[in-house]
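Take a look at the structure set out below.
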Amino acid sequence: MTYLFISDLHLSPDHPRLARGFLDLLAAYQHKNTQLYILGDWFNAWIGDDYTAPWLDEIVSALKQFNQAGNQIYFLIGNRDFALGQDFLDQFSGQLLPEMTSLNIGSLRYRIEHGDALCTDDVSYQRFRKVIRHPWILGFLRKMPLSFRARLANGFRKKSHEAQQLKSYEVMDVNPSAVEAALKEADVLIHGHTHRAAIHDVNGKKRIVLGDWKADYAEILELSSSDIDIHNIQLKIWYYP
């Protein structure tokens, strides 16, 4: 069994090369008995499971083939695609996971999440995060026309970009105490969000940060049930044309 972890693809019709890289990844792992875990920000924005477009149809078709080959697809939400739900995943038998999920691989216990909840020093973002993900707010937004949701998503992206220009890297990075709490009942923490791919030692445990998808490569993580030594775990560079 191959366990594949990716994050922060930020797919959109404006960046077809990233979409092509994802399709190439699916093809490469199609016959490897793969469990694919997408840890948020799969899409640069998600305005609802009722959204359709030709570029997205191609991705859904590839995911169907990936699943029909015996592989499994798991997704947990990020800060850009928190509105993505099970209805979209049902098209290719994917599964929506809780925002913080635990896995047992070999003898090790892993905790996976997007990573934005670990950035507790960014108080304004955490306040926004709590409000926008409230079930009542999400329910209201899903009833709005697609055009309204698209304008809203564009506004959120613009404000987020402007806010980031005024914040330090330290504020937008994970909080050490939050990381230690997340690792309390796990051997390894895997997350994305910060776009700072690396493997960190935390009191003998590991924090693995997946990379965002760049112009021609991404930092991803591939594991198997034989990976029982956390000190041998390494990120993998995935190149795409």
query = Distance-only, no hydrogens or angles: does the Lys32 side chain make a donor-acceptor pair with backbone N or O of Thr2 under 3.5 Å?
reply = no
query = If we only count heavy atoms from C-beta on, is the Thr194 to Leu118 side-chain gap below 4.5 Å?
reply = no
request  = Indicate yes or no for a side-chain donor-acceptor contact from Gln86 to the backbone of Gly94 under 3.5 Å, with no hydrogens or angles considered.
outcome  = yes
query = Side chain of Gln30, backbone of Gln65: donor and acceptor closer than 3.5 Å?
reply = yes
message = Tell me if a side-chain donor or acceptor on His114 pairs with a main-chain N or O of Leu39 at a distance below 3.5 Å.
response = yes
task = Spell out, as yes or no, whether a donor-acceptor pair under 3.5 Å connects the side chain of Gln126 to the backbone of Asp116.
result = yes
key: Interatomic distance, Leu235 atom CG to Ile233 atom CD1 [nearest 0.5 angstrom]   = 9.5 Å
query = In terms of the angle between their ring planes, are Phe22 and Trp213 parallel, tilted or perpendicular, with boundaries placed at 30° and 60°?
reply = perpendicular
query = Taking ILVMFWY side chains as joined if any heavy atoms are under 4.5 angstrom apart, and letting links pass through other members, which residues group with Trp136?
reply = none
query = Is there a path of hydrophobic side-chain contacts, each under 4.5 Å between heavy atoms of I, L, V, M, F, W or Y residues, that connects Phe75 with Met100?
reply = no
inquiry  = Between Arg111 and Glu185 (side chain of the first, backbone of the second, donor and acceptor by atom type, cut-off under 3.5 Å), is there such a pair?
reply    = no
request  = Could you check if a side-chain atom of Tyr240 sits within less than 4.5 angstrom of a side-chain atom of Leu18, using non-hydrogen atoms only?
outcome  = yes
query = Can you list the steps and then say if Ile59 with Leu26 is a side chain to side chain contact (heavy atoms under 4.5 Å, CB included)?
reply = CA-CA 10 Å; Ile59 290 173; Leu26 293 178; 5.7 Å; no
query = Would you say Phe88 and Trp46 make side-chain contact, with heavy atoms under 4.5 Å?
reply = yes
key: From CZ (Phe82) to CG (Leu84), nearest 0.5 Å   = 11.0 Å
message = Is the shortest side-chain heavy-atom distance between Val60 and Lys64 below 4.5 Å?
response = yes
request  = Dump the intermediate steps for side chain to side chain contact (heavy atoms under 4.5 Å, CB included) on Ile220 and Leu4, then the final yes or no.
outcome  = CA-CA 8 Å; Ile220 66 177; Leu4 185 63; 3.8 Å; yes
key: Ile112 vs Leu103 side-chain heavy atoms within contact, under 4.5 Å   = yes
task = Check whether any side-chain N or O of Thr34 sits under 3.5 Å from a backbone N or O of Leu36 as a donor-acceptor pair, and report yes or no.
result = no
key: Cluster check Ile132, Met144: I/L/V/M/F/W/Y, side chain < 4.5 angstrom   = yes
task = Could you name each residue pair satisfying salt bridge (Lys or Arg N to Asp or Glu O under 4.0 Å) that touches residues 207-219, not counting sequence neighbours?
result = Asp212-Lys214, Lys214-Glu219
query = Quick one: does Phe5's side chain get under 4.5 Å of Ile208's, heavy atoms only?
reply = no
Tyr29: partners by side-chain hydrogen bond (donor to acceptor under 3.5 Å, both in side chains), with sequence neighbours left out = Glu222, Lys236
Pairwise distance CD1(Ile190) to NZ(Lys206) - rounded to 0.5 angstrom = 13.0 Å
note = Here the side chain to side chain donor-acceptor pair (under 3.5 Å) pairs for residues 94-106, sequence neighbours left out, are Glu99-Arg129, Glu99-Arg133, Asn104-Arg109
message = Within the 4.5 Å heavy-atom criterion, are Val202 and Glu180 side-chain neighbours or not?
response = yes
request  = Check side-chain hydrogen bond (donor to acceptor under 3.5 Å, both in side chains) between His134 and all other residues, then give those that pass, not counting sequence neighbours.
outcome  = none
remark   = Rounded to the nearest 0.5 angstrom, the CG-CG distance for Asp122 and Asp173 is 11.0 Å
message = Filter on salt bridge (Lys or Arg N to Asp or Glu O under 4.0 Å), then keep only pairs touching residues 34-63, sequence neighbours left out; what's left?
response = Arg20-Glu58, Asp50-Arg149
task = Would you confirm whether Asp81, through its side chain, and Trp42, through its main-chain N or O, come within 3.5 Å as a donor-acceptor pair?
result = yes
inquiry  = Within this structure, what is the CD1-CD1 distance for the pair Ile77 and Ile38, rounded to the nearest 0.5 Å?
reply    = 14.0 Å
message = Testing the basics here: between Phe66 and Ile73, what is the closest heavy-atom pair and its distance to 0.1 Å?
response = CD2-CG1, 3.7 Å
ask   = Hey, quick one: are Leu56 and Leu25 part of the same hydrophobic cluster, counting side-chain heavy atoms closer than 4.5 Å, chains of contacts allowed?
value = yes
ask   = Shared ILVMFWY cluster between Leu210 and Tyr110, side chains joined below 4.5 angstrom?
value = yes
task = Nearest 0.5 Å please: distance from the CD atom of Gln72 over to the CZ atom of Phe92.
result = 13.5 Å
request  = Could you state whether Ile47 and Leu141 fall into the same hydrophobic cluster, counting links through intermediate Ile, Leu, Val, Met, Phe, Trp or Tyr residues with side-chain heavy atoms under 4.5 angstrom apart?
outcome  = yes
Close side-chain approach of His200 to Val179, heavy-atom, < 4.5 Å = no
task = Mind listing the closest non-hydrogen atom pair of Lys205 and Asp187 along with its distance?
result = CB-O, 3.3 Å
